[in-house]
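Here is the structure we will look at, set down as structure tokens.
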Protein chains: 2
Amino acid sequence: MTQYSIPLEADRVQITDELFGSYLRNVAETIIPYQWDALNDRLPDMEKSHCIDNFRAAAGELACGHQGAIFQDTDLYKWLEAVAFCIQNGSGRQFEAMADEVIELIGRAQCEDGYLNTYITVECPENRWKNLAEGHELYGCGHLIEAAVAYYKATGKRNLLDIACRFADLVDQVFGPGAEQCHGYPGHQEVELALVKLYKVTGEKRYLDLAAYFIRQRGGKPNCLLEEMKGRGGRNVFPEFSEYDDKYAQTHLPPVEQTTAEGHAVRAVYMYSAMADLARETGDEDLRRACETLYQNIVEKRMYITGGIGSSGKLERFTADYDLPGDRMYCESCASVGLMMFAQRMVSLTGEAKYYDTVERALCNTVLAGISKEGNRYFYVNPLEVWPDNCLPSTSLSHVKPVRQPWFACACCPPNIARTLASLAPYIYAADDTFLYVNQPISSRVETRIGACTLRLEQTATYMQNGRITLKAESDGPVTLRVRVPGYMEQPLFTCNGQSVQPAMEKGYAVFEVSGTAEIRIEGRVAARFVAANRRVQALAGRVAVMKGPFVYCLEQTDNGENLPALSVLPAAAIEEQAPEMGLPGRLPTLRMSGRRLTATVADDTALYGAPAFAEEPVTLKAVPYALWCNRTPGEMQVWIRAQA
Amino acid sequence: MTQYSIPLEADRVQITDELFGSYLRNVAETIIPYQWDALNDRLPDMEKSHCIDNFRAAAGELACGHQGAIFQDTDLYKWLEAVAFCIQNGSGRQFEAMADEVIELIGRAQCEDGYLNTYITVECPENRWKNLAEGHELYGCGHLIEAAVAYYKATGKRNLLDIACRFADLVDQVFGPGAEQCHGYPGHQEVELALVKLYKVTGEKRYLDLAAYFIRQRGGKPNCLLEEMKGRGGRNVFPEFSEYDDKYAQTHLPPVEQTTAEGHAVRAVYMYSAMADLARETGDEDLRRACETLYQNIVEKRMYITGGIGSSGKLERFTADYDLPGDRMYCESCASVGLMMFAQRMVSLTGEAKYYDTVERALCNTVLAGISKEGNRYFYVNPLEVWPDNCLPSTSLSHVKPVRQPWFACACCPPNIARTLASLAPYIYAADDTFLYVNQPISSRVETRIGACTLRLEQTATYMQNGRITLKAESDGPVTLRVRVPGYMEQPLFTCNGQSVQPAMEKGYAVFEVSGTAEIRIEGRVAARFVAANRRVQALAGRVAVMKGPFVYCLEQTDNGENLPALSVLPAAAIEEQAPEMGLPGRLPTLRMSGRRLTATVADDTALYGAPAFAEEPVTLKAVPYALWCNRTPGEMQVWIRAQA
């Protein structure tokens, strides 16, 4: 297969962007040390992780039972993967000794035959592979592999990679079409995409075949996960699984036949990512078509404006076309990370730039919103409107937290955000023998080889301030740049070395041939703008959101007073751009809009209902980037604003 | 204790009201035969009840296990209670033989020692009283007692009453303060109020004492229900009980110390009803104060405009002050029945008319909405806004059904509505030695003794058509009427035999002395009106509802097109009253309002988000009574409408 648009490794790229640079610095300076303390239960006043202790217990070095979620191991794997990316991007060398030490521990916790899952090893070794629906053993294997591949690439050290290969070899032995083998597949997809990575780094085709086997097996009849659960007579690890159905883990149809995004959102996008990988590696056209159909269903019918997915808090899942409620949804940070992964793979599969719109949407809104500006507080669930008073254990909004949390009993999101931020480079640049692809307007420097040439490129992306993206290239021979020109840049003008040019457009990319030094500038209008939703989205009828560039903006109580639903906006009036908010990273402008506050209240303030007293006043609404919400005084927040004609 | 304002029995009252008469006729003509078929699993295409079969199995007459909910027995008890009320109100004599026969079956299903619960008897006789939190044994006992008391009052037959007494005696023996006794209390309150009824009809004070014991025991430390659940190690009958807490069944504090309505709404109001009964029967001032505080918390902070309660679909519970979302709430029909019961008891406790406002609100909105105009389709959950497309198993709105259902696996609501409609008389009239109380403006005839006099009274309530309530009284001596004048009647004028009078007001009642024949007329303006909610209700900011009299109105898709949230109303314009909708019972006017439809949609109809195209058009909104919604073409429905100044 022709392989094109291969995302660059982090060691080729240095990110200088003001906004992303700030988050990136946090990864090495704050997040990784903080999460290390969390994994070691050293942080006061928060839910204990028990993660490292579980590995000690599995290694026989600590006499205690397994504690925490049954998939707790993966928090360490994702932390290691983030460490690997930091080492690779040059910010994390100081963690290497710590990582090597904990990798030794992982090695000691691994069973003789390669099996590795601290919950099963400590609590019930006889139960290996008996609860595929809930057990997360293969999910853990996947995250182990991803960490191992990243650590190997970053350091050249094989220790963790060998651990991962031993486990993968065991999985390959246990699962497969053979008469003696288990014909099941993961209850939580992840290992499939990890196996493709392992194949790419080791060249061992059996890993690719195993990934393909898992995807092919899925959705067969009888449904092995449902049968397994029936066999347990409804005794589930997770109480909410009493509502489990065949769509939850995307087992309602063979993946290649699936046409709508269903079930648990993270499981779904991890699986679609693996499907795109397999389609790319094997040239399977049916699989490619399925990926395109599923992608389209998401972005045309089931995705929030923030790049969030999972419209239902119940079982964290996709629901139905155009069902996009802003208060009770899930929009898990991990799901948007997975959506970035899926969309990126669609580019490697098709070469089309458009998929990076979705990467950017998810990254610049939900993924950034998932973490505080300091890096040590996290959202798991990313609502589009919040009234803190009703996010209560007694309501169906108990999953929604009105402020970022220091950690979670099920802490998948914090390390997932960390590893994504630490590996931003591959989302910005890709390369193949012919082209350098500039996929995101994020200020950065890159050095890489394109064919026989060495290319140095410096990107300065100030489109949020002045509508400009500048690329200074320096190459020792002719190189072709493919630059994604974001759709939010209106009437872009192109210059090369000060001369106006009209570049060809290929697959959504503006194409520039450069040789020696060249300065390419793309400049256009990146205006703050109102956005509406498709008329079929009932929750958004008569509402608008406000965006600038890829950033969705929101109203916060601290700027606009309480009772945000009483506000409306006059979209006929101009949106005024004003100075960035002091203390928020990235110097993104704040926005002001003309609006009204309409209150209809009762005269007797102790009565619940009564004759209405109306008051309407003109107000100036102030909006800040959704990515940065809840970084000042906590309170209400709202993305979609009632429009007033 | 002085007992006053004792609700009249149904045999004293004949309801002639056009609206309620229509529903009432349904009870005997449709509902009772239909529900009998349901209990006997004779209805095609619906979830089987298994109720009668369970009794046969317990009686040893059918060799099969127990099926259906563990509290399935109560469906039969509530059906029997409805039959009893129909016999009492003169419409149900034809069911008596059927009832007698099934009562015999109940008797045969009863254990030697009086115990009666088909689930335990058939499945696990060794587990009696071992799962008070979930087992519903005492809840079943309560509904058995209520049916028995009603059937005894209606027919004078003691058979069912004796069965109930035998069970109550066993409960009295098992539970109590003695060293040998169980010190627990019901996981689902109901038996407490039933025991007070049993005491009243038998005069046996031990039943009253047992009710008081259960209320007194509740909320003690350690919490016996939580301890019991801990002992089961999280193995719950109901999967959702993984989120059980001490507020769920109102065990967080002794009831007398409770100040806010918490937990499962039906459990709560059944308990408050018993507390009010006990306060009345024993003169316990602390209990009375607790009842008043809890009542106030509900009506001032936690009750929907429709008289629905239970703001959370999750665990069907109360949540927090002013948390009143219209789409994901529970508002169970049974909870509003329980609220009617509680409010009515507050009148018997205090003599104050005001509590009947809440009875009327619940009855004229949620309780009537719970049943189709034909009587054979039911809402369990009563939303204030519905978008049928997102009431899906995969969403947190799966409990919301956009159309009434033929039956439910857990079918508490249909027979609860039936028994309430069949016993409407006691909600309309009450009496004591001194007064006849006219509590609801519902056309009807009543004959009763007040002190030494016999009074005949005919009420003609046409306030929804012409603002008029007429009372024709005929008595053989001086009698005092206390007539509740509803607050929605503006500037009421009073005449007696055509002469203008200015009656004294006592405890919210207009007082009229009558002797011989007298015609009292109350006439005022009962205008359609806009209603707002307290400013603290965030979900209702900038919204209004429209009411006329006690009836809340709503928009339906069939009248107003799809996408109701795009509509706004101009509350400055007049509300026009128009002819009743053909085919809906009660000849209640429909309402027309000036409004606007604002759509903000994207130009590319396949895109999910994009530049908005605004369209605003003036529209005439049409509203129908919420009580009658979904009796025509199903679709969207909405109570609270965005106001436009």
Side-chain angles (χ1 to χ4, degrees), chain A residues 239 242-243 245 247 299-301 303 305 311-315 317-320 322-323 325 328 387 389-390 392-396 398 529-535 537-539 541-544 563 565-566 568 571 598-602 605-614 616 642-643 645, chain B residues 239-240 242-243 245 247 299-301 303 305 311-315 317-320 322-323 325 328 387 389-390 392-396 398 529-535 537-539 541-544 563 565-566 571 598-602 605-614 616 642-643 645:
Chain A
S242 61
E243 305 202 52
D245 61 26
K247 285 186 175 168
V299 302
E300 290 183 358
K301 292 172 183 168
M303 180 184 68
I305 191 171
S311 296
S312 176
K314 198 175 81 172
L315 292 175
R317 68 193 282 171
F318 287 106
T319 58
Y322 305 110
D323 179 37
R328 63 175 177 266
W387 182 41
D389 287 11
N390 70 357
L392 298 173
S394 58
T395 72
S396 51
S398 57
R529 65 197 190 277
F530 289 108
V531 177
N534 190 290
R535 65 189 166 82
V537 185
Q538 220 228 22
R543 292 177 180 271
V544 290
N563 231 343
S568 59
L598 175 68
T599 49
T601 54
V602 293
D605 199 43
T606 66
L608 190 47
Y609 304 107
F614 294 99
E616 195 183 40
R642 179 88 191 175
Chain B
E240 65 270 27
S242 61
E243 304 202 51
D245 61 25
K247 284 187 176 169
V299 301
E300 289 183 359
K301 293 174 182 168
M303 179 185 69
I305 191 171
S311 295
S312 176
K314 196 174 83 173
L315 293 175
R317 67 193 283 171
F318 286 105
T319 59
Y322 305 110
D323 179 37
R328 62 176 179 267
W387 183 39
D389 287 12
N390 70 356
L392 298 172
S394 59
T395 72
S396 50
S398 57
R529 64 196 191 277
F530 289 109
V531 177
N534 191 289
R535 64 190 167 83
V537 185
Q538 221 227 22
R543 292 177 179 272
V544 290
N563 230 342
L598 175 69
T599 50
T601 54
V602 295
D605 199 43
T606 66
L608 191 47
Y609 305 108
F614 294 99
E616 194 182 42
R642 180 88 189 173

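Keep in mind that the numbers below use all heavy atoms, side chains included, and drop hydrogens, waters and symmetry copies. A note on names: the letters A, B, ... follow the listed sequences, proteins ahead of strands, and every chain is numbered from 1.
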**OP:** Give, as side chain, backbone, both or neither, the part of B:Leu598 having an atom under 4.5 angstrom from any heavy atom of chain A.
**Re:** both
**OP:** Heavy-atom distances under 4.5 Å only: say whether A:Val544 touches chain B with side chain, backbone, both or neither.
**Re:** side chain
**OP:** Please determine, among B:Glu240, B:Met303, B:Lys247, B:Arg328, the option with the most heavy-atom pairs under 4.5 Å with chain A.
**Re:** B:Arg328
Subject >> Per-residue contact mode, B:Glu616 against chain A (heavy atom under 4.5 angstrom) >> reply: side chain
Original post:
chain A: which of B:Thr599, B:Asp389, B:Thr606 shares the most heavy-atom pairs with it under 4.5 Å?
Top reply: B:Thr606
Subject >> Options B:Gly542, B:Ala541, B:Pro612, ranked by heavy-atom pairs under 4.5 Å with chain A, top entry >> reply: B:Pro612
Original post:
Can you say whether A:Phe318 sits under 4.5 Å from chain B via the side chain, the backbone, both, or neither, judging by heavy atoms?
Top reply: backbone
**OP:** Output all residues satisfying side chain to side chain contact (heavy atoms under 4.5 Å, CB included) with B:Lys314, sequence neighbours left out; order by chain, then residue number.
**Re:** A:Ser396, A:Ser398, B:Glu243, B:Ser312
Original post:
Atom CZ of B:Arg317 and atom CG of B:Asp245: how far apart are they, to the nearest 0.5 Å?
Top reply: 4.0 Å
**OP:** Determine yes or no for a side-chain-to-main-chain donor-acceptor pair under 3.5 angstrom, with B:Tyr609 supplying the side chain and A:Ile305 the backbone.
**Re:** yes
Subject >> Under 3.5 Å: donor-acceptor pair, side chain of A:Asp605, backbone of B:Asn534 >> reply: no
Original post:
Most heavy-atom pairs under 4.5 angstrom with chain A, which of B:Ser311, B:Ala643, B:Gly313?
Top reply: B:Ala643
Subject >> Listed partners of A:Arg529 passing salt bridge (charged side-chain N to carboxylate O under 4.0 Å, His left out), at least two apart >> reply: none
Original post:
Which region of B:Thr319, side chain (C-beta onward) or backbone (N, CA, C, O), has a non-hydrogen atom less than 4.5 Å from a non-hydrogen atom of chain A, or is it both or neither?
Top reply: both
Original post:
Between CG of B:Asn563 and CZ of A:Arg535, what distance do you get to the nearest 0.5 Å?
Top reply: 9.0 Å
Original post:
Considering only heavy atoms, which portion of B:Pro325 lies under 4.5 Å from any heavy atom of chain A: side chain, backbone, both, or neither?
Top reply: neither
**OP:** Could you tell me which portion of A:Arg543 (side chain, backbone, both or neither) has an atom closer than 4.5 angstrom to a non-hydrogen atom of chain B?
**Re:** both
Original post:
Going from OH on B:Tyr322 to CG on A:Leu608, what distance comes out if it is rounded to the nearest 0.5 angstrom?
Top reply: 7.0 Å
Original post:
So what's closer than 4.5 Å to chain B heavy atoms on A:Gln538: side chain, backbone, both or neither?
Top reply: both
Subject >> Salt-bridge contact A:Lys301-A:Asp323 (side-chain N to carboxylate O under 4.0 Å) >> reply: no
Original post:
Can you tell which of B:Gly610, B:Pro239, B:Ala607, B:Pro393 has the highest number of heavy-atom pairs within less than 4.5 Å of chain A?
Top reply: B:Gly610
